[in-house]
Amino acid sequence: MTRTNYSSGATWEDKVGYSRAVRTGNVIEVSGTVAEDEGKVVAEGNAYEQTKFILAKIEAVLIRAGATLHDVVRTRMFVTDISRWEEFGRAHGEFFKSIKPATTMVEVSKLIDPRYLVEIEATAIVKS
């Protein structure tokens with residue numbers, strides 16, 4: 001089975017030893033993704049906008065890997081303040097309203113940078 005790694009070019013990828021996404025066969029796993037663009041935090045303090053930015057970033061790597069959001073079967077959302085679940089959920093719903101993947105949203109004590117409010121992972125299965 002062929003394995004393909006997809007990089008976003010983030011400096012953390014080489015430091016930590018991971019890929020933005022990995023495709024093995026018809027399964028694509030997308031690493032935890034935060035609201036960062038060219039080393040800068042996007043939409044600092046805005047849970048809704050950070051979530052939208054992350055999901056667009058995930059969609060872009062899925063397209064590079066030969067998939068679409070319609071192939072997503074699972075998302076995992078790690079949030080730093082669960083009381084803001086509606087903001088995270090509203091953005092998630094805008095991307096996945098008709099797709100409805102299995103999803104998890106859990107509160108974590110912190111992410112790698114305190115300005116990140118959410119980190120999202122995704123799993124996609126491409127039709128054979």
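Please read these numbers as outputs of a predicted model, since none were measured by experiment.
Under a hydrophobic clustering in which Ile, Leu, Val, Met, Phe, Trp and Tyr are joined whenever their side-chain heavy atoms come within less than 4.5 Å, directly or via other members, Ile99 and Phe95 fall into the same cluster. Val34 and Met105 are assigned to two separate hydrophobic clusters, defined by single-linkage of ILVMFWY side chains at heavy-atom distances under 4.5 Å. There is no path of hydrophobic side-chain contacts, each under 4.5 Å, that joins Ile54 to Val41. Ile58 and Phe96 fall within a single hydrophobic cluster, where Ile, Leu, Val, Met, Phe, Trp and Tyr are joined by side-chain heavy atoms under 4.5 Å apart, directly or via other members. Clustering ILVMFWY residues whenever any of their side-chain heavy atoms sit less than 4.5 angstrom apart, transitively, puts Val106 in a cluster other than the one holding Leu117.
Between Tyr6 and Arg23 the shortest heavy-atom distance is CE1-CB, 4.0 Å. Residues Pro101 and His92 share a closest heavy-atom pair of CG-CE1, 4.3 Å. A pairwise comparison of heavy atoms in Phe88 and Ala47 identifies CE2-CB, 3.4 Å as the closest pair. When every heavy atom of Leu55 is checked against every heavy atom of Ala91, the shortest pair comes out as CD1-O, 3.9 Å. When all heavy atoms are compared, the tightest approach of Thr68 to Leu62 is O-CD1, 4.1 Å.
The side-chain heavy atoms of Thr80 and Val118, taken from C-beta on, include no pair separated by under 4.5 Å. Proximity of Ile28 to Thr123: side-chain heavy atoms (C-beta onward) are nowhere separated by under 4.5 Å. Between Phe53 and Asp37, the closest side-chain pair of non-hydrogen atoms falls below 4.5 Å.
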Exercise for review: For Arg74 and Thr104, run side-chain hydrogen bond (donor to acceptor under 3.5 Å, both in side chains): C-alpha distance rounded to whole Å, both residues' side-chain angles, the deciding distance at 0.1 Å, then the answer.
Suggested key: CA-CA 8 Å; Arg74 180 120 179 86; Thr104 301; 2.9 Å; yes
Practice item. Let me see the working for Ser83 and Glu107 under side chain to side chain contact (heavy atoms under 4.5 Å, CB included), right down to the final yes or no. Key: CA-CA 9 Å; Ser83 72; Glu107 183 178 76; over 6 Å; no
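Arg90 and Glu87 are not joined by a salt bridge, as no carboxylate oxygen comes within less than 4.0 angstrom of a charged side-chain nitrogen.
One side chain, Thr33 or Arg20, offers a donor N or O that lies under 3.5 Å from an acceptor on the other. Ser19 and Ser7 form no side-chain donor-acceptor contact under 3.5 Å, judged by distance and modelled atom types alone.
With rounding to the nearest 0.5 Å, the separation of OG in Ser31 from CD in Glu121 is 7.5 Å. The structure places CD of Glu36 at 9.0 Å from CZ of Arg115, a figure rounded to the nearest 0.5 Å. Note that CZ of Arg76 is 12.0 Å distant from CD1 of Ile120, once rounded to the nearest 0.5 Å.
Formation of a donor-acceptor pair under 3.5 Å by the Thr103 side chain with backbone atoms of Thr75 is found in this model. In this structure, Arg3 contributes its side chain and Thr24 its backbone to no donor-acceptor pair below 3.5 Å.
Residue pairs meeting the side-chain hydrogen bond (donor to acceptor under 3.5 Å, both in side chains) criterion with at least one partner in residues 38-55, sequence neighbours excluded, are Tyr48-Glu94.
Atom CG of Asp14 has 12 or fewer neighbouring heavy atoms from other residues, nucleotides or ligands inside a 6.0 Å radius.
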